[in-house]
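Have a look at the structure below, then the notes.
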Amino acid sequence: KAGVTQTPRYLIKTRGQQVTLSCSPISGHRSVSWYQQTPGQGLQFLFEYFSETQRNKGNFPGRFSGRQFSNSRSEMNVSTLELGDSALYLCASRDTQNEKLFFGSGTQLSVL
Amino acid sequence: DQQVKQNSPSLSVQEGRISILNCDYTNSMFDYFLWYKKYPAEGPTFLISISSIKDKNEDGRFTVFLNKSAKHLSLHIVPSQPGDSAVYFCAAYFGNEKLTFGTGTRLTIIP
């Protein structure tokens with residue numbers, strides 16, 4: 001099976017712009033989660049989608065949003081970008097019968 | 001509210017010796033624990049896990065120990081190899097809740 005695929009791999013934006021990141025989960029996985037990684041902060045949970053419904057949400061401002069499509073692919077959107085949004089954004093999928101999360105390689109976002 | 005804590009940001013170990021990475025948690029509802037390994041600019045990869053009904057799980061050079069009364073788990077790597085140099089994250093969850101990660105420990109294996 002192909003792994004979790006995230007696009008794009010790298011992204012450079014300026015403050016105030018918006019960005020959309022994409023994630024294709026492992027085939028058959030219906031749960032997709034998004035995490036933000038910044039130095040010293042570990043992996044901060046953004047949200048989780050299951051069968052097109054947001055199941056869990058982390059403590060991020062409303063500028064961060066996401067959605068999931070019927071084919072389980074997911075997108076994450078950040079509006080009005082701030083310098084502090086520069087981070088590695090990781091998508092992960094899991095087979096709900098098995099508790100492991102499988103991660104993609106991430107999208108490295110730089111906000112200038 | 002950091003429910004999963006890794007108090008050592010970094011650890012250096014001689015090649016061939018044992019590496020011990022520690023993790024503490026506060027939420028007694030957690031019933032499944034995992035360790036992930038991460039290289040720079042890559043996503044974390046699953047290493048080993050343990051259910052709360054067990055106190056030990058072994059997979060090759062990797063062993064995870066769980067002490068529920070102390071709310072503590074540890075990852076032992078024996079023997080340590082240069083390729084083990086990476087950031088290690090412990091994580092925990094229960095039910096269908098989110099997977100909560102610690103802040104990570106950077107392990108450096110000295111040849």
Side-chain angles (χ1 to χ4, degrees), chain A residues 3-11 21 23-26 29-51 53-60 66 87-110, chain B residues 1-10 21-25 27 29-54 57 59 62 64 66 73 86-107:
Chain A
V4 178
T5 305
Q6 289 187 249
T7 56
R9 189 73 177 88
Y10 300 96
L11 206 47
L21 312 181
C23 173
S24 293
I26 290 172
H29 286 191
R30 291 190 293 165
S31 166
V32 173
S33 299
W34 288 89
Y35 286 83
Q36 180 197 66
Q37 188 195 10
T38 53
Q41 293 295 314
L43 279 75
Q44 301 294 312
F45 174 76
L46 281 152
F47 25 67
E48 179 186 12
Y49 287 88
F50 179 80
S51 293
T53 301
Q54 189 178 87
R55 184 157 69 176
N56 289 302
K57 189 177 189 307
N59 297 321
F60 278 80
L88 179 67
Y89 289 88
L90 292 159
C91 168
S93 71
R94 63 173 162 169
D95 172 358
T96 53
Q97 301 303 314
N98 180 320
E99 297 85 352
K100 286 193 295 245
L101 273 181
F102 294 87
F103 283 86
S105 296
T107 294
Q108 184 68 54
L109 172 65
S110 297
Chain B
D1 175 24
Q2 193 68 33
Q3 296 188 60
V4 179
K5 301 175 187 178
Q6 293 177 258
N7 293 317
S8 298
S10 64
L21 295 96
N22 294 303
C23 179
D24 297 295
Y25 61 96
N27 190 339
M29 296 286 288
F30 288 141
D31 59 9
Y32 199 74
F33 305 88
L34 308 90
W35 284 94
Y36 281 83
K37 175 180 178 179
K38 187 180 184 301
Y39 294 118
E42 292 184 14
T45 54
F46 170 77
L47 205 53
I48 192 169
S49 63
I50 188 167
S51 162
S52 60
I53 61 173
K54 294 184 175 181
N57 189 25
D59 184 2
F62 303 92
V64 57
L66 175 63
L73 68 157
V87 177
Y88 289 78
F89 291 95
C90 68
Y93 71 99
F94 62 95
N96 280 325
E97 291 300 306
K98 65 181 182 180
L99 188 59
T100 300
F101 284 84
T103 50
T105 296
R106 181 177 302 278
L107 175 65

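All figures in this text were calculated on a predicted structure; none of them were measured in a lab. Sequence lines set the chain letters: A, B, ... in the order given, protein chains first and strands last, and positions in each chain run from 1.
Among B:Pro9, B:Ala41, B:Gly104, the residue making the largest number of heavy-atom pairs under 4.5 Å with chain A is B:Ala41. With respect to chain B, the highest number of heavy-atom pairs below 4.5 Å among A:Gln6, A:Gln108, A:Arg9 belongs to A:Arg9.
Using a 4.5 Å cut-off between heavy atoms, B:Glu97 touches chain A through backbone and side chain atoms alike. With a threshold of 4.5 angstrom between heavy atoms, A:Leu43 approaches chain B through its backbone and through its side chain. Residue contact with chain A, scored on non-hydrogen atoms closer than 4.5 Å, is absent for B:Ala91. For B:Leu99, the parts sitting under 4.5 Å from any heavy atom of chain A are the backbone and the side chain alike. Proximity to chain B (any heavy atom under 4.5 Å) is restricted, for A:Tyr35, to the side chain, taken from C-beta onward.
Environment of NZ in B:Lys54: sparse, with no more than 12 heavy atoms of neighbouring residues, nucleotides or ligands closer than 6.0 Å.
Between B:Phe46 and B:Tyr36, the angle of the ring planes goes over 60°, which puts this pair in the perpendicular group of the 30/60° scheme.
Between B:Ser49 and B:Tyr32, the shortest heavy-atom contact is OG-OH, 2.9 Å.
For B:Val87, the side chain to side chain contact (heavy atoms under 4.5 Å, CB included) partners at least two apart in sequence or on another chain are B:Phe89, B:Arg106. For B:Glu42, the side chain to side chain contact (heavy atoms under 4.5 Å, CB included) test picks out B:Tyr39, with sequence neighbours left out.
Rounded to the nearest 0.5 Å, atoms CD (A:Gln36) and CZ (A:Phe60) are 4.0 Å apart.
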